[in-house]
Amino acid sequence: MAPTTANKELRSSENLVVKDPFFGFLRRKVTAKQILPVMTGQVNPFNKTSFSAAYKSILDSRKKLPVFGQKHEFYEMYSNNQVLIMVGETGSGKTTQIPQFVVYSDLPHTKGKIVACAQPRRVAAMSVAKRVAEEMDVSLGKEVGYTIRFEDMTDPGTTFLKYMTDGMLLREAMNDPLLQRYSTIILDEAHERTLATDILMGLLKSVIKKRPDLKLIVMSATLDALKFQKYFGRDSDNLAPLFKVPGRTHPVEVFYTQEPEQDFVESAIRTVLMIHRAEEPGDILLFLTGEEQIEDACRKIKLEADDLLNQDPDLVGPLTCYPLYSSLPPQQQQRIFDKAPSPRTPNGPPGRKVVVSTNIAETSLTIDGIVYVVDPGFSKQKVYNPRIRVESLTEQPISKASAQQRAGRAGRTRPGKCFRLYTEEAFMKELEEQSHPEILRCNLANTVLELLQLGIKDLVHFDYIDAPAPETLMRALELLHYLAALDDEGHITPLGSLMASFPTDPQLAKMLIVSPEFKCSNEVLSIAAMLSVPNVWLRPPNQRREADAAKALLTVPDGDHLTLLNVYNNYMQNAHIKNWTWDNYLSARALSQADNVRTQLLRIMERNDLDLVSIDDEKKLYNGIKQALVCGFFMQVAHKEGEQGSYLTVKDNQVVALHPSCGLDVQPEWVLFNEFAFTTRYYIRTVTSIKPQWLLEHAPTYYELGSFQDGGMKRALRALEQRRVVSGGGGGRKAKKQKKFA
DNA sequence: GAGCACTGC
């Protein structure tokens, strides 16, 4: 596209003719030399008002960022390339500065376009947008804004620099596959390889060929740059150009153990106390894997540190220990930012703060003042087994990249030390270079539907940066086919398109779409929302009995899905009662999130003319809800085998047990479950009793008896079918439904 | 009679 000259002049409010600061700028051929006088000038070129005093002082600090010194190089590469890979370590200023640099050259406002910067996390999108609005001396939500789920802080027509979550950009692509509103797209933190970032990279690789006017910048930490350069290169000999900026962190000295450790928790506690006794002042960050482990370690560290303090008050100072994990209430999460305790006596040894954290402190949360990192080398990671369709969380060794990231947490304010509780040999030989990208570790039903909706027909040959296991794709296609989201040729059906408009798993979308037919969409909406948020039940270690009793009061014995509905309804009715959630051992955060999700789903229902309906008769209502559940989750059904309380999942024939948290008062012959998880054994969680005739009626293809192995389940279904033939039941309503989406 | 690492629409 030919570069254009910005408006020559403009009229100020006093009607005086002043020169546009961008006068003479050739769009996308702008040089660093041209920009500096505009940045340091008197008039903000984007809103034509005078720069504030704050702007100038912020600009002085921006000038000290490593990336600022390389402006010239950046503009040269930006002008001459459509795609750019940028590598910048922590503290380089890439997330705040690069999008601003782009805007000065791309001049999106002169073309009615937007520069987007996609982030993996909501908080980052929000806080960076706020910071950049300050740096550019404009109001947040005007020229600079952000878009995340449930919150759009942009002003259409005004906003030309937009921070957003990667998932949000992917959703937008579903309505606008060429992403026409954007002139430059920046993918930040690409090395994290979230599912959304990976899919976006695949899409954008083909979009840039169809849109020569679209520029793309992929920003990442050092390690994966070559992979991205190859992926976005024109061919195998042509790497995409790399723009590299050094970080601004302090050196971290790394120590290894001489021998492998047997019990990493115990050895971690010992190491923390060793640091406390023997090392210079400075806070400690210890990485462990889960809530229980962390709480336990905190207790032990506190006890031992108190002992040390009492034995040797002249040698060691006081110590405070804070746990950190995502399900911790925000108020308690905030405590990690408290200062280390003061010395017990005016001239006594200084105090020390210890934070014991999950992976959340590796990427999402930064704690300044950390000087020592203790890294046992493990984290919990999600694994998906497509053969039996089960996701599980298991403790696994971290990757080298992760270990490096963890070590870096010690050098944010001054030189630090990292104690790795494994041998150097193990680090070199046993740890993988990179953690597996998410796309290789999860169920892809949702993603496959999104890709189909985006018009990608050949999912197997889609240009993934790392291709998922074929079996995972097959499982996803199979599920979507059974849900009638795909036809026999694998094309998306009108029902499938409708399902894709819901930001949920396809099973939930299907359940929502059919719910008006069963006169229970009002209730199914609440259930879908509750199934989309984290666990609402709290169970503090020392109040388990009280928590279980509170839960029993809200339990509907017929099924956990109905219990969730009951909890949501009670929550809404009692919203005015202070402490209601707390008194009932429920998570206020998860419940308010559920309410947000419900509102969003409701809007999508309305937009698609799906009615909000309900009936008064509770028994009929519950049966309607269960049938809607069956329409979405007929593949997640188990049949009771024998009297020992064990169940067999339908078709996969996995032996499973009802999870102990299940609220059913009896063990029904047929149950539908939301989740199949492997922990100490195979469990099904969130379980509701159903009638088997609904399976035959609402999912006849899946319950075609020829596809079943011989056994109790098949016998039960056959007996049922024979009875149906005799009585001539079923059929009618189903035929009508199929016609609707044909 | 057990557990939910972390994101995201």
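Below, read A as the first sequence line, B as the second, and so on, with proteins coming before strands; counting in each chain starts at 1. What's counted below: heavy atoms across the whole structure, side chains too, no hydrogens, waters or symmetry copies.
Residue A/Thr165 places at least one side-chain N or O under 4.0 Å from the OP1 or OP2 atom of B/dC9. For B/dC6, one of the phosphate oxygens OP1 or OP2 lies less than 4.0 angstrom from a side-chain nitrogen or oxygen of A/Thr358. In this structure, A/Arg544 does not reach the B/dA2 phosphate: none of its side-chain N or O atoms is under 4.0 Å from OP1 or OP2. Side-chain N/O atoms of A/Tyr683 include one lying less than 4.0 angstrom from OP1 or OP2 on B/dA2. The shortest distance between the side-chain N/O atoms of A/Arg685 and the OP1/OP2 oxygens of B/dC4 is below 4.0 Å.
Within the nucleic acid shown, A/Gln381 has no heavy atom closer than 4.0 Å to any nucleic acid atom. Nucleic acid contact for A/Arg122: sugar-phosphate only, since backbone atoms but no base atoms lie under 4.0 Å from a heavy atom of the residue. Among the heavy atoms of the strands, none lies under 4.0 Å from A/Pro534. Counting any heavy atom pair closer than 4.0 Å across all strands shown, A/Thr680 reaches sugar-phosphate atoms only and no base atom. Residue-level contact check: A/Leu195 touches neither bases nor backbone, having no heavy atom under 4.0 Å from any strand.
Checked against side-chain hydrogen bond (donor to acceptor under 3.5 Å, both in side chains), A/Thr599 has no partners two or more places apart in sequence or in another chain. Considering only residues two or more places apart in sequence or on other chains, A/Ser206 meets the side-chain hydrogen bond (donor to acceptor under 3.5 Å, both in side chains) condition with none of them.
Atom CD in A/Gln600 sits roughly 11 Å away from atom C1' in B/dG8 (whole-Å rounding). For the pair A/Tyr585 OH and B/dC4 P, the interatomic distance rounds to 22 Å; values are reported in whole Å. In this structure, A/Glu438 places its CD atom 12 Å from C1' of B/dC9, rounding to the nearest Å. Nucleotide B/dC9 holds its P atom 14 Å from the CE atom of A/Met174, rounded to whole Å. Rounded to whole Å, the distance from CG on A/Asn535 to C1' on B/dA2 is 12 Å. Here B/dG8 presents its C1' atom at 15 Å from CE of A/Met126, a figure rounded to the nearest Å. In this structure, the CG atom of A/Asn446 is 15 Å from the P atom of B/dG8, given to the nearest Å. When the P atom of B/dG1 is taken as reference, atom CG of A/Leu664 falls 16 Å away, rounded to whole Å.
Under the 3.5 Å distance criterion, with hydrogens and angles disregarded, a donor-acceptor pair is assigned to the side chains of A/Ser399 and A/Ser435. A/Tyr146 and A/Lys130 share no donor-acceptor pair across their side chains, judged by distance under 3.5 Å alone.
A heavy-atom distance below 4.5 Å is not found between the side chains of A/Pro376 and A/Tyr422.
The nucleotide whose nearest atom lies closest to any side-chain atom of A/Tyr325 is, among B/dG1, B/dC6, B/dG8, B/dC6. Considering only the side chain of A/Arg121, B/dG8 comes nearest among B/dA5, B/dG8, B/dC9.
Taking for each of A/Leu393 and A/Arg149 the nucleotide of DNA chain B with the nearest heavy atom, the 5'-most of the two is the partner of A/Leu393.
At a cut-off of 3.5 angstrom, the base of B/dC6 holds no donor-acceptor pair with the side chain of A/Asn359.
Here A/Glu151 does not pair with A/Arg122 in a salt bridge; the nearest charged N to carboxylate O distance is not below 4.0 Å.
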